[in-house]
Amino acid sequence: MRLVGQGFKGLVVAPWQTLACVVSLGVAACLIVLSASAGSLTMSMLGRASRAARILVYLKDDVESERIREMIGDISRRPDVASVEYISREEDRTQNADILPEGLVDALPREAIPGQHGLIVIFRDDAGRTSELDGLSSFLEAIEGVDIVAGPPVGSAALRSLAGAVGFVRVTMAVMAAVLLFGTLFFVVGTLTRTMESRREEMAILRLFGATGAYLKAPLYIQACVQGVAGLSGGVLMGLAIISSTNAYLLSELSVGTALPSWPAMSLAAAIPGGIAVGLAGAIIASSRRLP
Amino acid sequence: MSVLSIAGLKKTYPNGNEAIRDISFEVGRGEFVFLSGPSGSGKTTLIRILLKMEESTGGQVLVFGKNLNALLPSAVPYLRRNIGVIFQDFRLLQDRTVFENMALGLNILGLTTREISRRVEGILYDLGIDRYAGAYPAMLSGGEQQRVAIGRALVMEPALILADEPTGNLDWELSQDIVRLFEELNARGTSVLMATHDRFLLEAFPKRTLLINRGILVEDRNPGMAATRREAGQNRFQHFVAGRTDGSPA
């Protein structure tokens with residue numbers, strides 16, 4: 001308990017430096033949380049963009065299976081098409097039922113829900129090629145037996161561009177967080193060095209009276225871990241608060257449709273071992289250089 | 001068994017300075033020995049070597065039968081717990097009370113708060129400074145501060161006390177008080193090796209005296225026995241006491 005008390009006392013030896021250290025760690029942790037969240041959002045948006053790049057080609061009712069196989073072969077040969085899948089009437093009806101309000105689906109007879117057989121054409125994945133996408137639509141509309149070509153996914157390219165921008169921000173934030181964490185190590189080392197300088201005389205006396213290295217270092221390690229855990233936990237909470245307030249803006253103003261994900265329990269749980277690890281690293285560096 | 005056994009001790013610094021050239025002696029259990037010599041003769045270096053604060057560059061040093069040259073670094077703290085150290089400049093922490101200064105070493109032993117209080121209060125009383133338990137060192141006189149420093153060593157209940165010029169900053173009366181205190185401790189069985197260059201103290205308290213000059217043990221004089229001459233025909237001790245020391249009654 002005395003060692004723990006010494007560790008906490010060490011925090012106020014250089015209070016401004018300790019504060020700077022905790023704030024830096026907090027900003028780094030905040031950036032990590034935001035970066036992870038933005039990364040997850042990017043993946044989600046890319047997934048949506050990928051799904052949006054599908055073109056649904058509805059076929060006339062009288063198109064025979066043989067003709068459908070020929071159509072699949074013709075379409076698949078195009079270089080901008082990744083794959084073609086057949087969708088039956090019943091499968092289309094099921095998909096349509098999924099997007100209708102639940103109460104309405106229950107109220108309607110099954111046959112009242114529209115269902116038409118067709119082809120799902122999956123466009124080769126490459127953002128920004130909207131002109132090729134338009135060309136594919138024209139090609140599909142010209143095929144004999146095609147009833148309707150569901151409009152090309154006009155939002156896909158924009159969505160993918162936005163996802164790219166978010167991804168860039170994510171990488172930038174991750175790099176900044178890494179640099180900040182590394183830089184913060186020097187703050188941790190600096191505050192611990194100040195603590196050791198202030199305790200130099202005491203430590204020298206304690207050594208003469210038989211204090212072991214572990215006894216002398218323990219308060220420093222405790223101080224470092226407290227700084228690390230406080231900084232990272234605070235940063236995670238700050239990140240979660242930013243995500244929470246940003247989500248309202250994303251959903252209402254930008255109509256992005258997907259909220260920034262957050263994992264409060266996991267982030268906070270990770271902040272504790274992370275803070276301890278950063279603290280220990282700083283303490284090891286500081287104590288290996290400065291112990292009398 | 002000897003508490004200290006030193007044979008052919010040498011200490012040469014990297015710059016070539018030979019602080020100790022040849023010292024051999026033994027200190028038995030319960031013995032009181034003065035270590036004397038002029039400034040720069042090697043007294044402090046010897047004490048630092050005995051505490052394993054410095055490494056010797058030759059010879060053998062046994063402390064409580066343990067060879068310091070072969071002692072693992074991890075074992076050094078446990079050796080030091082049996083040695084009480086007292087310095088000329090007291091080395092008290094100015095931001096701690098007398099009680100806290102004395103309890104400093106006891107925390108290392110992992111004693112309970114009650115046991116620490118018991119030991120510190122007992123020593124404070126024995127040293128006659130119990131009324132200063134809550135005072136800070138700056139509020140005390142030099143003699144009182146040295147008593148606190150001695151108390152800090154005594155609470156550890158050491159088997160050996162190494163005192164490096166403990167009376168160097170004290171007046172004559174206080175110096176005698178401190179030596180009498182060491183005598184009392186010695187009477188209880190604690191071995192004492194006290195470095196001093198105060199010839200009046202050496203005369204006032206006739207005890208075995210090791211005279212070091214320029215890193216060499218030049219005389220091992222024991223008033224209770226015939227003098228042991230390290231070098232035949234020499235009486236460097238008298239020469240040294242008469243000509244080189246500056247200790248004088250206040």
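Proteins get letters first, then strands, A, B, ... in listed order; numbering begins at 1 in each.
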Worksheet item: With a 4.5 angstrom heavy-atom cut-off, which part of A:Ile205 approaches chain B: side chain, backbone, both or neither?
Response: side chain

Fill in: Proximity breakdown for B:Leu51 and chain A, heavy-atom pairs closer than 4.5 Å
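Interface part for B:Leu51: side chain.
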
Discussion item. Is B:Leu162 close to chain A through its backbone or its side chain, or both, or neither, when contacts mean heavy atoms under 4.5 Å?
Written reply: neither

Salt bridge or not between [X] and [Y]? Use side-chain N to carboxylate O under 4.0 Å.
X	Y	answer
B:Lys10	B:Glu18	no
A:Glu202	A:Arg199	yes
B:Arg119	B:Glu157	yes

Discussion item. Can you confirm if the NZ or CZ of A:Lys217 lies within 45° of the ring axis of A:Tyr215 and under 6.0 Å from the centre of its six-membered ring?
Written reply: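 Judged by the rule, A:Lys217 and A:Tyr215 form no cation-pi pair.
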
